[in-house]
Each structure stands twice: as C-alpha cells, then as structure tokens.
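The block underneath contains the structure these notes are about, expressed in structure tokens.
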Amino acid sequence: MTARVLVVGWDGATFDLLDPWIESGELPNLARLIRGGARGRLRSVPNMNSGPAWTSVCTGLNPGKHGAYGLVDFAEGSYRMRPLNASDRHGKMIWERLSEAGKQVVVLNLPLTYPADPVNGAFVAGGDAPSSRSPRFTYPEELIGEINAEVGEYILAARLDGLIRRGRKADALDQLHRMIDSRTRAALHLMRRQPWDLLMVLFTASDSVQHFFWEDLAGGPHRDAILGVFRHLDSALGEILARAGDQTTVIVLSDHGFGVTQPGVRYLNSFLAELGLLRFQSRRYSATSLIRWAFLQLEMRLSARAKERLAQRFPCLHERGTAGLWMEDVDWAATQAFSLAGSNQIWINLRGRHPKGIVSPGEDYDEVVALIQGTLGEAVDPATGMSAVKAVRRRTDLYGGPYLNQAPDLLVEWVDEAVRSGLAWHGEGQQVVATRSFTHRRHPVNGSHRKMGVLVAHGTPFRRGVTIDGATLYDIAPTLLHLLGEPIPAVLDGKSLTGALDDAWLQVHPAQFSGGEQEGPGCARVSMSLEDEDEVMQRLRGLGYVE
C-alpha cells in the first residue's frame, strides 16, 4: 500500500478554466502534479448538487444508496424546507471505514458532516453546521478551540450575496481570500498535530467565486476575480504539499464543473403552471411582498449581529421574511407538480408522500410524468425557437438503491446556454409559453454547476502522463481504499481507477474486495433548533440553492 494519501477538494473546479491558466503558468503547483501524474474529467452526480456529490465521493455510493439528493429536504409533514446534516445520510464514509481498520484520518469541511463524526484522528465539520461555535463542530470537541488559539479564528463560510447586492464586490472577494487562508492554516495545523494516513480538505471558495463572478470573466474591474481565487488555492496547495512531503500520494478533485447560469430553471414553475399542473391561491401581495422587500433591505444593510438581534426580537416576522414565500402561495390541493427555486428537478405532488399530495401512485403518476416529459422535453426558447432541453429523465433512470423513493421525480438536462427568454411548447391545439419567474427575489448568482469536474492524481502508485477516461465521483472512495490497502466492499457503485495505476505497483498491491449487503442507516437523527436551521438556510439562500 502507499504511505498515505492527501485529498484536496476544489469545489466546482473545471478544466475549461484551469487548462488555459495552467498553460500560462498561473497554477504552478497543480501543473507540477499533472506533469508527474494523471488527470481526467470527473463526472458528477446527476443533479450536480454539492451535498450528494461529496457524499458520493466519500462513500462510493450513488444517492439512491446514501439517501442525500441535495443540501435541503422537506421538513416532515410539510412543504417547508430544512437543511440536511450528517444524520440524513446513509452508508459508511471513507473515514469511518479507515478508522475501523485502525488507520488515522484528518477531515476538514466536507458537506453533510455536522455533527462531526468520531474518528481515529481529527474532524472539522462542514457548512451544514450552524456555526463553528456549535456543539460537536469538531472531533474531539475541544479541537476548534485549539485551532482558533493556535492559528487564528476558523472561518466556516463567507456571506457574499448582501455585499454583492450593494456593489461591494471587492469586499466579497476579500472574504473569500480570508476563508482560504483560514482553511489552509487549519489544515497545516492538523498536519503538524498528529500522524495521518488520509487527509481530506475541501476549499469551497472556488464554488462561491464562480457562482457570483462568472459574468465578470467577460471583462471589467473584476475580470480576474475567479483567477485570483484559483491562484490563491494553488498557493495553498503548494503549502500543503510541502508539509505532506514527496512520499505522499496526492489527489486534487472537484465535485462538478462550472459554466454560465442556465436560466431555464427560473421558468420551470411558470411552465408547469401554464401546463395546468401548478396552481396558486389568491395572491396576498400586499403582506408577503412588503415583508420580503423589507427583509431584503435589512439583509443588505445590517451587520450580522444586528440581524441576529432582529431575528430574536421578531422571530415570526423573521421566519416569514426569510422563508420561501412563493411556496406559501401554492394551492397544493390543485397542484400536481412543482420545482424548487434554483433546481433543475421536479417533484410530483404525490399522495402519501407530500402532506397535501393529490397525484395517486401508479397510473395517475405515470400520466403526469409522461405529460411533463413529452412537453418539457420539446420546449424551446420562445424568442429564438432554439431547443432548450436535452432530456427530462426519471429518477429510476438516474439512481438505484433503498432510498430511491426520496429522490425528486424528474431531472431536467438543459441545452447549454440556449434558454434566455422563457420556455415554450407548441402541440396540436395547445401551446404553453412561460416567460415569468415565480421566485420572490432576484439573485446575483450568474454561474452554475456543470457535469464534469476535475481529477488530478500524483504519486508512486499513479502512471505519469495518463489521461483518466470515464471516471465518476463514485470511483474515488474505492480508489482510496485500494491505495491504502483496504478491501473494496461489493456494495460500492464505483471501482478503483486501476487504469491510471502503475503496473508494477498494481502487481504488488492488487485490489482486494469484500462482500456484504447495503449498510443500514447512519447515526441517529440530529434535530436542530429553528434558529440553527435558519442560519444554515440563510447561508444556502445566499448561494441561490434555495428560495
């Protein structure tokens, strides 16, 4: 087996941007790894959401087996959205398998890892934690105090949307760079603190900067904003590599790629409404719109402490001001299908699953799904007539496992950059033209996820100059197990990337396999207070993941 493995995540990194920068010398540390190792594009999970994507990286399972399809889900018996956490996922994570085998691990900042898992080593939870001050944010629990005292305050997440709405893009970038420094200092401290066989650290600034600054690539004062973040990440990578040493095997990867925001998502609910599948009650614009407008103004202008005091003083108004108000106006008793803000997924309002579901399982369900697939699959941009949708795929075509019933029913795959003015469908005797958005706030996000992330692998086990073809996120966990001399369970959906491994190394270290059925549920359900849930939801709203 290899001595130890370092995994560095650059959330959302894409070779579409990295390759020109590598060629021009902007990313010397990543370039050095590529020259001496292997590289390839890495296919994401079908919906390209970071929650299920990184969970698949760390389990080797598709979402149908680990049960996470996003960063949020419906609160029980409600249409209200709640944030997911570590207790919502299933299947063993890579650090659990290695800890059980007696190996030491260090993990920092992976999604859906709060509360921190007890491991043989050190663990720092990710952005599903309400804050770095939350109980069990680290394992051991006192570790966060040690990090803050030794290397400075740990920054969990950067809140950018308010700054960008006010035109303070430079301040938003400064927050991202401070977050990178904080994460790097914490990683270096933990590398000094104890021995490790596997160290995983995820940097999310790369995702945030592309969400908010993709349009700036075209020019202007912040045209180098994304490049600046990746330069900083490359510098941090250099520091971490120097601390890890030359004998360490290194993997750099992303959970998905990036591109310009695909605007079709904003018209999905309008399309469903025009098709007669989504209905609204009599609108109460005077109350709801005024509350949302007022809270948007306060969100942009008040400090974090002032907003916290406001929420404590007026909790009911705060809940109304920050929740997904468009959902409050839906007439669920007359709605058959809907999408969530910012999502390319469609839910059928199914009887027995949703509290006011009206579509019966079986024939009725199949008819609604077929109607959506047939009409939306033929949708065009009404202004240009260009095809807007590649495919509308059923969940049974995308996932498999005991948690398939938790998946959204349909996933829309867009034709890149083809939808601008709306969605239209013209059938015999009927036409649907959707040009309105039903979300309540205009969001500054202008970059969105794409299917193909990046994979760079360097070290003694890997061949040099090899292009890795056909790799998926599911392949990372079995590859890590192989590298560290542990058996690969048969239940995993991925496989070790043996095509990228050196023949001589493989002869000495053939992959080992173990049997076993699908593992049961993870840890016991962890319930958050409404205040803690709201803190996480505000963070996700800031990135455009929920309305």
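Counting begins at 1 with the first residue of the sequence. Model, not experiment: these values are computed from the prediction.
Looking at Arg43 and Asp475, no side-chain N of the basic residue comes within less than 4.0 Å of a carboxylate O on the acidic one, giving no salt bridge.
For Arg82, the CZ atom sits in a packed shell: over 12 heavy atoms of surrounding residues, nucleotides or ligands are nearer than 6.0 Å.
Distance CG/Leu176 to CG/Asp171: 11.5 Å, rounded to 0.5 Å. Rounded to the nearest 0.5 angstrom, Leu233 CG and Leu27 CG are separated by 9.0 Å. For the atom pair OG1 (Thr14) and CG (Leu42), the distance works out to 11.5 Å, reported to the nearest 0.5 Å. In this structure, Leu376 CG and Tyr267 OH are separated by 14.0 Å, a value rounded to the nearest 0.5 Å.
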Output a table of donor-acceptor pairs, distance under 3.5 Å, between side-chain atoms of residues 359-369 and any protein atom two or more places apart or on a different chain; print 'none' if there are none.
| residue | atom | partner | partner atom | Å |
| --- | --- | --- | --- | --- |
| Ser360 | OG | Arg351 | NH1 | 2.4 |
| Tyr365 | OH | Asp409 | OD1 | 2.6 |

Mind listing the side-chain donor-acceptor pairs of residues 212-219 below 3.5 Å, one per line with the distance, residues two or more places apart or on another chain?
| residue | atom | partner | partner atom | Å |
| --- | --- | --- | --- | --- |
| Asp216 | OD1 | Lys169 | NZ | 3.2 |
| Asp216 | OD2 | Lys169 | NZ | 2.9 |

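For His426, there are no ring pair (Phe, Tyr, Trp, His ring centres under 6.0 Å) partners at least two apart in sequence or on another chain. The salt bridge (charged side-chain N to carboxylate O under 4.0 Å, His left out) test applied to Arg279 returns no partner, not counting sequence neighbours. Listed by chain and residue number, Tyr69 satisfy the ring pair (Phe, Tyr, Trp, His ring centres under 6.0 Å) test with Tyr399 (two or more places apart in sequence, or in another chain). Scanning for salt bridge (charged side-chain N to carboxylate O under 4.0 Å, His left out) contacts around Asp19 gives Arg39, with sequence neighbours left out. Listed by chain and number, the residues in a ring pair (Phe, Tyr, Trp, His ring centres under 6.0 Å) with His222 amount to none (sequence neighbours excluded). Remark: Asp331 engages no residue in a salt bridge (charged side-chain N to carboxylate O under 4.0 Å, His left out) (not counting sequence neighbours). Judged as a ring pair (Phe, Tyr, Trp, His ring centres under 6.0 Å), and not counting sequence neighbours, Phe15 has no contacts. Residues passing the salt bridge (charged side-chain N to carboxylate O under 4.0 Å, His left out) test with Asp532: none are found, sequence neighbours excluded. Residues forming a side-chain contact (heavy atoms from CB on, under 4.5 Å) with Asn49 (at least two apart in sequence, or on another chain): Asn47, Pro52, Leu71.
Using bins of under 30°, 30° to 60° and over 60° for the plane-to-plane angle, the ring pair His354/Phe338 lands in the perpendicular bin. Classification of the Tyr403-His90 ring pair by plane angle, with boundaries at 30° and 60°, yields parallel. Note on ring orientation: taking the six-membered ring where Trp is involved, the planes of Phe258 and His449 are perpendicular (angle over 60°, cut-offs 30° and 60°).
Sorted by first then second residue, the salt bridge (Lys or Arg N to Asp or Glu O under 4.0 Å) pairs that include residues 419-433, not counting sequence neighbours, number zero.
Residues Val433 and Glu274 share a closest heavy-atom pair of O-CG, 3.5 Å. Heavy atoms only, all atoms of each residue included: Ser134 and Tyr114 are closest at CB-OH, 3.5 Å. Taking all atoms of both residues into account, the shortest heavy-atom contact from Pro111 to Ser50 is CG-O, 4.1 Å. Considering every non-hydrogen atom in both Arg353 and Ile348, the closest pair reads NH2-O, 2.7 Å. Taking both residues in full, the closest heavy atoms of Ile155 and Met179 are given as O-CG, 3.9 Å, listed atom of the first, atom of the second, then distance. For the pair Leu473 and Ser254, the tightest heavy-atom approach, listed with the atom from each and the gap, is CD2-O, 3.9 Å.
Annotation: side chain of Ser339 is not in contact with side chain of Gln345 (no heavy-atom distance under 4.5 Å). By the 4.5 Å heavy-atom criterion applied to side chains, Glu533 and Val72 are not counted as neighbours. Between Trp414 and Val265 there is a side-chain heavy-atom pair separated by less than 4.5 Å. Leu371 has its side chain out of reach of Gln336: every pair of non-hydrogen atoms, C-beta onward, lies at least 4.5 Å apart. Side-chain contact between Gln430 and Trp425 is present, with at least one heavy-atom pair separated by less than 4.5 Å. Residues Asp128 and Leu84 form no side-chain contact, since every pair of their non-hydrogen atoms from C-beta on lies 4.5 Å or further apart. Between Gln538 and Arg159 the shortest side-chain heavy-atom distance falls below 4.5 Å. Between Leu411 and Arg395 the shortest side-chain heavy-atom distance does not fall below 4.5 Å.
Between the side chains of Ser448 and Arg450, a donor-acceptor pair is found at a separation under 3.5 Å. Side-chain polar atoms of Asp416 and Gln262 form a donor-acceptor pair below 3.5 angstrom. A donor-acceptor contact closer than 3.5 angstrom links the side chains of Asn349 and Tyr79.
With Ser56 contributing its side chain and Leu61 its backbone, the two residues share a donor-acceptor pair below 3.5 Å. At least one donor-acceptor pair under 3.5 Å links the side chain of Thr479 to the backbone N or O of Leu497. When atom types are taken as modelled, the side chain of Lys65 and the backbone of Val491 share a donor-acceptor pair closer than 3.5 angstrom. Of the possible donor and acceptor atoms, one in the side chain of Asn446 sits under 3.5 Å from a partner among the backbone N and O of Pro444. In this structure, Thr113 contributes its side chain and Leu110 its backbone to a donor-acceptor pair below 3.5 Å. Within the 3.5 Å criterion, the main-chain N or O of Leu202 finds no donor-acceptor partner in the side chain of Asp11. Side chain of Arg168 to main chain of Gly162: no donor-acceptor pair is present (N/O by atom type, distance under 3.5 Å, no hydrogens or angles). A donor-acceptor pair is defined here as one N or O able to donate and one able to accept, closer than 3.5 Å; such a pair exists between the side chain of Ser44 and the backbone of Asp255. Of the possible polar contacts, one joining the Arg539 side chain to the Gly127 backbone as a donor-acceptor pair under 3.5 Å is found. Using a distance-only test at 3.5 Å, with no hydrogens or angles considered, no donor-acceptor pair links the side chain of Ser270 to the main chain of Ala434.
Tested against Ile346, the residues Asn269, Ile372, Leu278, Leu277 include a single side-chain contact (heavy atoms from CB on, under 4.5 Å) partner, Ile372.
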